[in-house]
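This report concerns only the one structure given below.
Labels below follow one simple rule: chain letters A, B, ... track the order of the sequence lines, proteins then strands, and each chain is numbered from 1.
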2 protein chains.
Amino acid sequence: MKPSVVTIEPNGHFCSDCAVRDFAVCSSLDQAELREFEHLGRRVHFGTGETVFSEEDITTSFYNLLEGVMRLYKLLPDGRRQIVGFALPGDFLGMNLSGRHNFSADAIGPVTVCQFAKAPFGRFIEDRPHLLRRINELAIRELSQARDHMVLLGRRSADEKVATFLLGWRERLFALKGLPDTVPLPMSRQDIADYLGLTIETVSRTFTKLERHGTIEIIHGGISLLDPARVEALAAA
Amino acid sequence: MKPSVVTIEPNGHFCSDCAVRDFAVCSSLDQAELREFEHLGRRVHFGTGETVFSEEDITTSFYNLLEGVMRLYKLLPDGRRQIVGFALPGDFLGMNLSGRHNFSADAIGPVTVCQFAKAPFGRFIEDRPHLLRRINELAIRELSQARDHMVLLGRRSADEKVATFLLGWRERLFALKGLPDTVPLPMSRQDIADYLGLTIETVSRTFTKLERHGTIEIIHGGISLLDPARVEALAAA
DNA sequence: AAAGCCAATTGACTCAAATCAAATTTGGCG
DNA sequence: CGCCAAATTTGATTTGAGTCAATTGGCTTT
């Protein structure tokens, strides 16, 4: 939110031992390409609540999220907010046709990104169709997720929205770091509400209701799925 | 809906005089490529209400919409439907990562598509990065639209939804065939409702309300924007 | 032109989620 | 530790959109 100090690493990082190497955009690059690629991106840190880029900003860079979680959102003129997604490590941000970002992105907690200046990155892609193909894959995956989210926003009840969110979030974390028995929720209730098209009060009430029924347990910074089958039933309905 | 007779043209069509030549995927191909491309696709007609492909179907083809309008939608197990978009001439359908369609597509009125078998099309792309780039552009454009639609579904009132829909639809038709003074609405009220995350009754009431205020006029098969500025104000809010 | 059919409209009523308003809990920090 | 500010929860009430139920209108069929 507040403009603040951003740490830029003085270099000395290698793609070859990058945590997201195997599933981010760069998974399409071979050893030789990787060494060249290394010079294009630089690691940048952002603190809690800082904005990485804003909607309507001229796109000067693309970002590969390495560590942390980001909220991606759009605002209406009167301040209503819709979170269009949460980004996790491996997600690639900033592609657009207009030359301007079409959503804003904030760090939720400390974040590390690999930042690429637009022009050199564009040149690098130019003669590397496999990288382009990888970017296309990521876009198509995003598109599919976006459509699923439209169904949630347009046609699901509050209970279903919350249940679906918990399962989907757990699933993404699972893919990233294996099955945790508790699901960390680094984002605020307001973020969850703005993601699900609800108010903060409704999200809170739904959580408490699920807890009273013994379906989940609300713990510090997250929840624990006591009865995943019950949650799945709610989400499926 | 009903499985029915689909007309397949016996050939004799040329990409070079195709109506969508300049803005569809094929806009990225040069004369020589186009002649080769011509053999990959074949024109297929669908009648009103016919399903071109269904969610979860194995993807055997991609489709380039040439004429008509299609509804793209997802269903929940209990039958609730969310229309994720309306396709117009020039739209490219069928891309996915899973090998299965992730939404269903019906013809709204008579439709002509250019159908490409998946494998040969994939092979054709292989060594033509400019075509891949074009497909990527289309995906990124769709993604941006999808995000806009999430904002509408999650954060806008019924009035705003309807106003935004009318303007957006008019805009798309405008880009296609120039400014019409009446906006044709080939889709049913139910389709509009399922697109906007509303009920048919709410859509109908909102239309009548707009008409009573002299903002629009409801005509057979469409509406006329009597006071576009008023509609824009409603949509902006 | 009457009957039948489906889509759209209109009206009366209900309800899920929003809004308004406290009360709590949590977290940061001197 | 104790205090303030922010986030979250909880409660009371309102309301926008949904549901249920006719009615209307446009076409097609006969």
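Distance from the side chain of A:Ser204 is smallest for D:dT8 among the nucleotides D:dG18, D:dT8, C:dT26. The side chain of B:Thr208 sits closest to C:dT9 out of C:dT9, C:dT19, D:dT8. Here the nucleotide nearest the side chain of A:Leu198, chosen from D:dT8, D:dA17, C:dA18, is C:dA18.
In this structure, the ring of A:Tyr195 has its center no less than 6.0 angstrom from the ring center of A:Tyr73.
Checked by atom type and distance alone, the side chain of A:Ser204 never pairs as donor or acceptor with a backbone atom of A:Ile200 at under 3.5 Å. Side chain of A:Asn96 to main chain of A:Gly94: a donor-acceptor pair is present (N/O by atom type, distance under 3.5 Å, no hydrogens or angles).
Atoms CD1 (B:Ile192) and P (C:dA7) sit 14 Å apart, rounded to a whole Å. Rounded to whole angstrom, the span from the CD1 atom of A:Ile218 across to the C1' atom of D:dT9 amounts to 9 Å. One atom, CG of B:Leu210, and another, P of C:dA8, lie 17 Å apart when rounded to the nearest Å.
Note on B:Gly197: only backbone sugar-phosphate atoms sit closer than 4.0 angstrom, heavy atoms only; bases stay farther off.
For B:Gln190 and C:dC6, a side-chain-to-base donor-acceptor distance below 3.5 Å is absent, hydrogens and geometry of angles not being considered.
For C:dA17, neither phosphate oxygen OP1 nor OP2 lies less than 4.0 angstrom from any side-chain nitrogen or oxygen of A:Thr199. Under 4.0 angstrom from either OP1 or OP2 of D:dG25 there lies no side-chain N or O belonging to B:His220. Checking the phosphate oxygens (OP1, OP2) of D:dA17, no side-chain nitrogen or oxygen of B:Arg205 falls inside 4.0 Å.
Residues A:Ile200 and A:Arg155 each lie close to DNA chain D; by heavy-atom proximity, the contact nearer the 5' end of the strand is made by A:Ile200.
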